[in-house]
Amino acid sequence: MDEDAINKPRAHEVGMAIDTMSVEELTERIGLLEGEIMRLRAAIAARGETRQAAESIFKF
């Protein structure tokens, strides 16, 4: 088995050490985080739409 595959974290943790990561690993982390940002923004938008729908029902 490849030792790097065993020791390489599969997700990024905020504040984790990045000094020993290669450019490729850092680029991969950026991709992971950008994907997570997109997922979070979509969740925010969905909640906003739900709230607007609820507010429109209860307006008099």
Side-chain angles (χ1 to χ4, degrees):
M1 284 181 80
D2 186 11
E3 222 177 285
D4 289 337
I6 295 170
N7 295 332
K8 184 178 176 185
R10 297 189 187 273
H12 185 82
E13 294 179 25
V14 174
M16 73 186 296
I18 58 172
D19 333 4
T20 58
M21 290 184 191
S22 68
V23 171
E24 292 79 17
E25 289 173 315
L26 292 170
T27 302
E28 183 180 324
R29 301 286 173 190
I30 289 170
L32 289 170
L33 293 169
E34 286 174 340
E36 185 66 3
I37 289 168
M38 288 174 34
R39 189 175 77 89
L40 293 169
R41 287 189 173 147
I44 290 169
R47 283 172 179 71
E49 291 169 7
T50 301
R51 183 177 181 167
Q52 284 179 339
E55 286 176 354
S56 70
I57 290 173
F58 294 107
K59 283 188 179 179
F60 294 99

Undergrad: Return yes if some donor-acceptor pair links the side-chain N/O of R47 with the main-chain N/O of A43 below 3.5 Å, else return no.
TA: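 It does hold such a pair.
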
Undergrad: Rounded to the nearest 0.5 Å, what's the gap from OG1 on T27 to CG on L32? Could you check?
TA: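 Answer rounded to 0.5 Å: 11.0 Å.
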
Undergrad: Under 4.5 Å between any side-chain heavy atoms of M16 and M21, yes or no?
TA: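 Touching, per the 4.5 Å side-chain cut-off.
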
Undergrad: Quick one: CD1 on I57 to CD on Q52, what's the gap to the nearest 0.5 Å?
TA: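 Separation between the atoms: 12.5 Å.
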
Undergrad: Just wondering, more than 12 heavy atoms not from I18 lying within 6.0 Å of its CD1?
TA: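 Counting neighbours around CD1 of I18, 12 or fewer heavy atoms of other residues, nucleotides or ligands fall under 6.0 Å, so no.
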
Undergrad: Verify, without hydrogens or angle tests, whether E34 (side chain) and G31 (backbone) share a donor-acceptor contact under 3.5 angstrom.
TA: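 Side chain of E34 to backbone of G31: no pair is present.
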
Undergrad: Would you indicate whether the side-chain heavy atoms of E36 and R39 approach each other to under 4.5 Å?
TA: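 When only atoms from C-beta onward are counted, E36 and R39 do touch, with a gap below 4.5 Å.
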
